[in-house]
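Notes for the one structure printed next.
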Amino acid sequence: MKKVLKIATGVVVGLLAVNMLLPTKIQNPVEGCGRESFHPQSFWHPWGDHRHRGIDIFAKKGTAVHPAIGGIVVATARNYGKGGNCVLVFSSGLRLHYYAHLSEIDTHVGAIVTQKSVIGKVGNTGNAAGKPSHLHYSIATIIPQGDWQWDPKMMTIFVNPIKEME
């Protein structure tokens with residue numbers, strides 16, 4: 001029990017430090033990719049029975065994925081539903097950055113990551129199986145900020161990553 005309490009305390013302190021100390025400017029998370037690697041109107045585009053809550057950044061399978069902004073890794077998952085292999089990073093601004101369809105996960109829960117860290121590799125896992133390799137990248141938050149949209153189905157606010165990279 002004491003070990004769990006120490007870990008929880010460390011995570012809380014880490015989250016507070018991340019939220020206060022790191023910059024809020026984000027970069028394209030896929031190494032070597034620019035704005036030409038994704039459609040400029042892909043955020044919130046109608047997608048089946050919902051809206052596309054992020055952007056798909058297309059790149060060669062195995063291309064390094066870096067955090068768009070530094071933070072702390074709060075979750076990793078293999079074969080997690082539609083997202084396949086994915087990583088979740090908590091950053092400044094009380095934001096969660098979601099990286100999905102990874103071919104590899106190269107980080108672990110609790111890791112403090114910077115924009116130079118490699119957290120995974122571009123792939124086509126989850127519902128991207130059989131499709132061109134890409135990274136699905138989205139930003140969720142509890143506080144309306146930037147160019148955002150409310151998703152009543154998920155009860156979550158999603159921030160437009162394209163506008164954040166400008």
Side-chain angles (χ1 to χ4, degrees), residues 3-35 37-38 42-43 52-129 131-143 145-146 154 156-162 164-165:
K3 185 175 182 178
V4 171
L5 187 56
K6 281 184 180 182
I7 291 171
T9 301
V11 168
V12 169
V13 169
L15 292 174
L16 291 173
V18 163
N19 202 46
M20 293 185 306
L21 300 176
L22 294 176
T24 57
K25 181 73 174 153
I26 70 170
Q27 68 182 10
N28 187 320
V30 179
E31 188 168 289
C33 286
R35 297 185 69 75
S37 300
F38 56 83
S42 60
F43 176 73
H52 193 239
R53 299 173 183 107
I55 59 174
D56 292 336
I57 304 169
F58 292 87
K60 183 179 174 186
K61 185 175 184 175
T63 302
V65 174
H66 303 273
I69 188 169
I72 185 168
V73 177
V74 293
T76 63
R78 298 193 191 305
N79 301 315
Y80 182 71
K82 293 178 182 182
N85 298 334
C86 50
V87 172
L88 194 61
V89 175
F90 180 79
S91 78
S92 56
L94 298 174
R95 291 178 171 191
L96 288 169
H97 300 260
Y98 176 68
Y99 306 86
H101 307 312
L102 302 169
S103 62
E104 297 175 27
I105 295 174
D106 297 323
T107 191
H108 61 276
V109 172
I112 304 291
V113 293
T114 69
Q115 290 178 317
K116 293 182 181 180
S117 304
V118 175
I119 58 171
K121 306 283 190 318
V122 170
N124 58 350
T125 60
N127 68 356
K131 298 176 183 167
S133 295
H134 66 280
L135 172 74
H136 174 85
Y137 171 58
S138 63
I139 306 168
T141 184
I142 58 170
I143 302 169
Q145 50 190 285
M154 292 187 71
T156 305
I157 297 166
F158 288 90
V159 178
N160 185 346
I162 297 168
E164 298 292 309
M165 283 189 242

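Only this structure's heavy atoms are used, side chains among them; waters, hydrogens and symmetry mates stay out. Small disclaimer: the values here were computed from a predicted structure and weren't measured.
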Minimum side-chain heavy-atom gap [X]-[Y] below 4.5 Å:
X	Y	answer
C33	F58	no
K131	H101	no
V30	F38	no
M165	I26	yes
L102	L135	yes

Any sub-3.5 Å donor-acceptor pair from [X]'s side-chain atoms to [Y]'s backbone N or O?
X	Y	answer
Q145	G93	yes
Q115	A68	yes
T141	L94	yes

Residue among N85, T63, D106 satisfying side chain to side chain donor-acceptor pair (under 3.5 Å) with K121: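 Answer to the side chain to side chain donor-acceptor pair (under 3.5 Å) test with K121 among N85, T63, D106: D106.
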Check the pair H97 / Y137 against side chain to side chain donor-acceptor pair (under 3.5 Å), numbers first and verdict last. CA-CA 7 Å; H97 300 260; Y137 171 58; 2.7 Å; yes
Taking only residues at least two apart or on different chains, which pairs with a member in residues 64-83 satisfy side-chain hydrogen bond (donor to acceptor under 3.5 Å, both in side chains)?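 Every side-chain hydrogen bond (donor to acceptor under 3.5 Å, both in side chains) pair that includes a residue of residues 64-83, provided the two are not neighbours, is E31-H66.
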Mind listing the closest non-hydrogen atom pair of I162 and S42 along with its distance?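 What the structure gives for the nearest pair is CD1-OG, 4.2 Å.
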Which pair of non-hydrogen atoms, one from G84 and one from T125, has the smallest distance, and what is that distance?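 Looking at all heavy atoms of both residues, the shortest contact is CA-OG1, 3.4 Å.
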Just grab all the salt bridge (Lys or Arg N to Asp or Glu O under 4.0 Å) pairs involving residues 52-69, residues at least two apart or on different chains.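 For residues 52-69: R53-D151.
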